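Every number for a ligand or one of its atoms is a count from 1 in the order of the listing. Note that the structure is a prediction, hence the values are computed from the model and not measured.
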Amino acid sequence: MKTIKAIRGMNDLLPQQSVVWQYLEAEIRAVVNGYGYQEIRMPIVEYTDLFKRSIGEVTDIVEKEMYTFGDRNDESLTLRPEGTAGCVRAGSQHGLFYNQVQRLWYAGPMFRYERPQKGRYRQFHQVGVEVFGLDGPDIDAELLLMTARLWRNLGLDKAVTLQLNTLGDIESRNRFKAALVEYLTQHKDRLDEDSQRRLDANPLRILDSKSSQTQELLNDAPKLIDYLDDESREHFEQLKNLLDNAGIAYEINPRLVRGLDYYGKTVFEWVTDQLGAQGTVCAGGRYDGLVEQLGGRSTPAVGFAMGVERLVLLLETCEVIPDSVSNDADIYLMMPVEVEGAQTKGFKIAETLREAFPSLRVITHCGGGNF
Ligand code: ATP
Ligand code: MG
């Protein structure tokens with residue numbers, strides 16, 4: 001009989017790897033906790049409309065990456081491709097945004113039907129952080145300080161750089177969109193196929209097209225920065241100031257737009273050049289309009305998500321995993337089974353050791369054999 005294997009792009013985590021994941025997760029938990037962020041856990045499955053309405057119809061995720069299926073009652077459900085939508089849904093549903101600031105984080109599997117390759121899988125894991133109820137650049141800066149601290153704690157600070165951009169408010173983005181579309185329409189024949197399609201539906205996404213010919217065309221395109229509204233410009237200036245004063249280095253990337261529709265003002269990515277094409281390990285930004293767009297009360301919001309698989313790959317590539325991260329026993333206790341009462345005594349000694357040194361890993365030999 002043919003044996004059944006795991007689904008392509010969905011990985012098992014064997015003990016040798018899970019110990020590294022546990023280390024990374026513990027480090028992340030310690031940092032977010034140190035900034036007063038609280039954990040929220042959402043379901044892995046949500047109504048399909050939640051993702052359509054939040055992520056946007058004309059995005060890679062909604063167009064071709066979602067695991068969507070009808071349940072037995074013919075409701076359209078989707079395995080979550082990201083966490084922000086569910087987090088906003090949960091927060092609204094339970095009244096968390098009512099005149100309160102919420103600093104939240106979550107961790108868990110996400111699902112996207114993509115072509116599996118190094119750093120890109122169909123089930124992958126994110127740690128997400130979202131803040132609701134604050135509209136100033138100070139909280140944007142806090143999120144970046146928090147991530148910078150995590151990289152330092154993990155020994156990855158030399159391996160990642162921060163890219164920063166602002167998308168302005170909706171009106172400035174619309175004015176920019178119009179100018180961009182006008183320019184690109186004149187050169188439509190030189191755009192890659194995806195970008196041609198996006199020209200009407202989602203022209204901003206053309207900015208982060210992977211096609212080099214399209215990127216070349218964009219060199220002379222209108223720049224978003226020239227269309228910014230005063231408030232967004234001021235927000236961005238203050239954010240840069242806060243980062244400068246905190247000693248956080250960044251690079252302005254005017255092409256950084258992020259894949260989802262809901263972002264505005266600040267957007268950022270932490271990128272590395274050590275993982276090949278899948279170089280973004282953490283990405284996020286401000287999405288002040290999303291809560292209202294999903295039917296909640298108007299609430300400013302900002303957040304990011306980290307890709308856990310990519311961070312693990314980076315820890316391995318940079319060889320910064322501490323030696324103490326292992327499954328090895330601290331104490332291995334052997335008992336000669338042929339000696340009367342040795343086993344009973346051995347078990348007792350092991351329990352005493354575990355009692356006295358709870359952090360030690362004590363393994364007692366089981367299964368008999370020759371001493
Ligand atoms: P990319 O441009 O690499 O496709 P994205 O913009 O689709 O990334 P986000 O939706 O911003 O990614 O997700 C945040 C982070 O989650 C990414 O920066 C990345 O580290 C990780 N991530 C996204 N998709 C995958 C995937 N299919 N496999 C592994 N990690 C992923
Ligand atoms: Mg993607």
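Other residues, nucleotides and ligands contribute over 12 non-hydrogen atoms within 6.0 Å of the CD atom of Gln186.
No hydrogens or angles considered: nothing links the side chains of Tyr121 and Gln278 as a donor-acceptor pair under 3.5 Å. A donor and an acceptor atom, one from each side chain of Arg149 and Tyr35, are located under 3.5 Å apart.
For atom 21 (C) of ligand 1, the nearest protein heavy atom (residue, atom name, distance) is Gly307 CA, 3.7 Å. Here the heavy atom of the protein found nearest to atom 30 (N) of ligand 1 is Phe124 CD1, 3.4 Å. Looking from atom 1 (P) of ligand 1 to the surrounding protein, the closest heavy atom is Arg120 NH2, 3.6 Å. Among all protein heavy atoms, the one lying closest to atom 29 (C) of ligand 1 is Gly119 O, 3.3 Å. Looking at atom 28 (N) of ligand 1, its nearest protein heavy atom turns out to be Tyr121 N, 3.0 Å.
When non-hydrogen atoms are compared, ligand 1 lies under 4.0 Å from the side chain of Arg258 (C-beta onward) but not from its backbone. Residue Arg310 touches ligand 1 through its side chain alone, judged by heavy-atom distances below 4.0 Å. Counting heavy atoms closer than 4.0 Å to ligand 1, residue Val281 contributes backbone atoms (N, CA, C, O) but none from C-beta onward.
Using cut-offs of 30° and 60° for the angle between ring planes, the Tyr262 and Tyr287 rings count as tilted.
In this structure, Ser92 and Leu294 have side chains that are not in contact, with every pair of non-hydrogen atoms separated by 4.5 Å or more. For the pair Glu114/Pro81, no side-chain contact is recorded, criterion being any heavy-atom separation below 4.5 Å from C-beta on.
In this structure, atom 8 (O) of ligand 1 is not in close contact with the protein, since no protein heavy atom lies within 4.0 Å of it.
Between Glu237 and Lys240 there is a salt bridge, since at least one side-chain N of the basic residue sits less than 4.0 Å from a carboxylate O of the acidic one. At a threshold of 4.0 Å, the pair Glu231-Lys265 counts as salt-bridged, since one of the basic side-chain nitrogens sits closer than that to a carboxylate oxygen.
For ligand 1, the atoms closer than 4.0 angstrom to any heavy atom of Thr280 are 17 (C), 18 (O), 19 (C), 20 (O).
Nearest residue to atom 16 (O) of ligand 1 from Gln126, Glu114, Arg112 is Gln126 (criterion: closest heavy atom).
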